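Here the structure is a predicted model, which is why all the values come from computation and not from measurement. Only this structure's heavy atoms are used, side chains among them; waters, hydrogens and symmetry mates stay out.
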Amino acid sequence: YDLGRAYCGKMSHLRKEPFAEEGPRSENLLLKSGLHLRKTCGEEIMNKITVIGAGLAGCEAAHKLSSLGFSVRLCEMKPEKRTPAQKSDGFAELVCSNSLKAMRLESGAGLLKEEMRRLGSVTMEAAEKTSVAAGGALAVDRELFSEYITEKIKSDPNIEIVTGEVTELPSEGIVIVATGPLTSDALAESLRQKFGGTLSFFDAVAPIVTTDSVDMDRVFMGARYDRGEADYINCPMERDEYDAFYDALVSAERAPLHDFDDADPKVYEGCMPIEVMAGRGRDTLRYGPLRPVGLINPHTGRRPWANIQLRKENAAGTMYNIVGFQTNLKFGEQKRVFSMIPGLEHAEFVRYGVMHRDTFMDSPRLLSKSLSLKSEPRLFFAGQFTGVEGYTGSAATGILAGINAARFATGEEPLVLPPETMLGALVNYITDESVDNFQPMGANMGILPPLEKKIRHKDERYAALAERAIAGLEAVL
């Protein structure tokens, strides 16, 4: 049902339209936040809730709050200021990849997306409207995706857009911080001073090539295990080709990292530079992004030694990104090394990979399961700054932060999702005080509590976990 309307059953004065039988209330209700409701249902009931950051998490939080009848002030520093990785002025910009990962319900990413749909996600709405063919994955035309969400948010009468950099948190009122891994230096420093322990790590972006420049005689179309349509361009490698590529990759010159003293910085595993991953061992790539499993090269009739996949970047199919090839190599080195990939010998690169700094907070010590700051409950945090990985994890926490900010405003108990749900399990992980060396985590079936009855077959076990998760979510909605 419509969560945004139904949860206001006993707090009906929060509805956009008052019930006909309701009249003026006899007294104001004092809220935990220190804000007050108005005496009459038809009047504005509270000060605006501030959301900082118009990425996936911030847009989800603002959208959810609006659907619950709240006025929102959404602060975004673009277009006045951008981080090095940001290329457009739109909201919900996807800077790392255009894929929201697997659609199968029996996968961590697929299960989380289904939970988001049931929670009224604007990310999922936009993704389904702007999707591009990607086999069993949900990938989007990132420009159309951003345009869709930007228009949705900007046209919402309950949401006020405030442009300009936020350098410190508002001293009063309910605030959702959703500045993401690209939090500006000034605000990041302000947050460090507020609660300390903020960690820095790096994130990288993959290059994009034009479709017409790919030598289609050397590649083949296909998806692993023939799941979904044959939407990926596959660049198969024989052993000698792989060895030559590997040697060139690990010896290629990297771009310098500025403003950091750490010679061996933490790297976001979900977007680890390909050259960093290669440095872990000669065969690491063959068990990672270059794994050939589930693929047969039609030119040879056998599985290749290694395989590189290209995924559609836009709906028109005029551009493809190199899957898993986030990198910090110098541009000239990217051209030299990546042109060794079969089929890309004469590739035209419309964007080279870049690397940028990301930050995340020490959530196990700082956050409650409602995503509010333990020391100051009026402050909520969402997105990758909390230590969740990936687009969907970021967006999903924005939905939850929006719901709980609304509940905090009305004096209700927060929504704490069951740990059997994927979003509940993610929140459990990032708020687990027993974790000493906290590192970001993405949606995966391994973080869910085990089933009471053991199921040996993995597909059947994952299907049972997904069924339990959906039932658990429905029970609290």
Side-chain angles (χ1 to χ4, degrees), residues 50-67 72-100 116 121-132 134 138-166 176-184 187 203-208 271 311-319 321 326 350-354 356 358 382-385 390-399 402:
T50 299
V51 178
I52 304 175
L56 290 172
C59 287
E60 288 282 15
H63 176 71
K64 177 54 64 180
L65 285 164
S66 174
S67 75
V72 182
R73 179 184 293 108
L74 178 59
C75 303
E76 169 57 44
M77 67 180 185
K78 297 191 298 184
E80 293 184 14
K81 183 177 181 179
R82 294 182 189 172
T83 66
Q86 292 171 324
K87 302 301 180 185
S88 81
D89 293 333
F91 298 166
E93 181 182 0
L94 306 182
V95 298
C96 181
S97 164
N98 72 324
S99 174
L100 276 65
M116 290 169 63
S121 167
V122 68
T123 297
M124 296 311 303
E125 179 184 323
E128 288 160 5
K129 295 283 188 180
T130 62
S131 63
V132 297
L138 176 59
V140 300
D141 181 314
R142 67 178 90 199
E143 289 186 8
L144 295 179
F145 175 85
S146 175
E147 288 173 4
Y148 184 96
I149 293 183
T150 301
E151 174 59 26
K152 185 93 173 179
I153 297 299
K154 285 188 173 181
S155 63
D156 191 320
N158 288 341
I159 301 176
E160 175 195 4
I161 309 299
V162 180
T163 59
E165 182 181 4
V166 176
I176 298 176
V177 182
T179 49
L182 306 178
T183 299
S184 68
L187 182 57
D203 194 1
V205 177
I208 297 172
C271 282
R311 180 174 54 228
K312 276 186 182 178
E313 175 63 26
N314 60 353
T318 58
M319 298 183 294
N321 61 67
Q326 296 82 13
V350 296
R351 186 191 73 187
Y352 287 107
V354 295
H356 51 84
D358 288 349
Q384 291 185 25
F385 194 82
Y391 296 143
T392 52
S394 176
T397 55
I399 300 172

Side-chain ion pair, Asp89 and Arg82, N-O less than 4.0 Å: yes

So, the side chain of [X] versus the backbone of [Y]: is there a donor-acceptor pair under 3.5 Å, distance only?
X	Y	result
Thr150	Phe91	yes
Ser146	Arg142	no
Asn321	Pro207	no
Ser394	Gly390	no
Glu76	Thr163	no
Thr179	Gly53	no
Lys78	Ser88	yes

Can you list the residues that meet the side chain to side chain contact (heavy atoms under 4.5 Å, CB included) rule with [X], with sequence neighbours excluded?
X	value
Ser131	Leu138
Ala126	Phe145, Tyr148, Ile149
Ala396	Leu112, Met116, Leu423

If you define the side chain from C-beta out and look only at heavy atoms, does anything of [X] sit under 4.5 Å from [Y]?
X	Y	result
Val72	Asn158	no
Ile153	Ile161	yes
Lys154	Asp156	no

Ile176/Ile52 under side-chain contact (heavy atoms from CB on, under 4.5 Å): CA gap, chis, key distance, verdict: CA-CA 6 Å; Ile176 298 176; Ile52 304 175; over 6 Å; no

Looking at [atom1] of [X] and [atom2] of [Y], how far apart are the two atoms once the value is rounded to the nearest 0.5 Å?
X	Y	atom1	atom2	value
Asp141	Lys129	CG	NZ	15.0 Å
Glu143	Glu93	CD	CD	9.5 Å
Asn98	Lys312	CG	NZ	11.0 Å
Thr123	Tyr391	OG1	OH	11.5 Å
Cys59	Leu74	SG	CG	6.0 Å

For Lys152, the option from Glu125, His63, Glu147 that meets side-chain hydrogen bond (donor to acceptor under 3.5 Å, both in side chains): Glu125

[X]: partners by salt bridge (Lys or Arg N to Asp or Glu O under 4.0 Å), with sequence neighbours left out:
X	result
Glu128	Arg117
Arg311	none
Lys81	Glu165

List for me each residue that meets side chain to side chain donor-acceptor pair (under 3.5 Å) alongside [X], sequence neighbours excluded, and say none if there are none.
X	answer
Ser121	Glu60
Thr50	Arg73
Thr318	Asn314

Candidate pair Leu65 and Val51, rule side-chain contact (heavy atoms from CB on, under 4.5 Å), full reasoning: CA-CA 10 Å; Leu65 285 164; Val51 178; 4.1 Å; yes

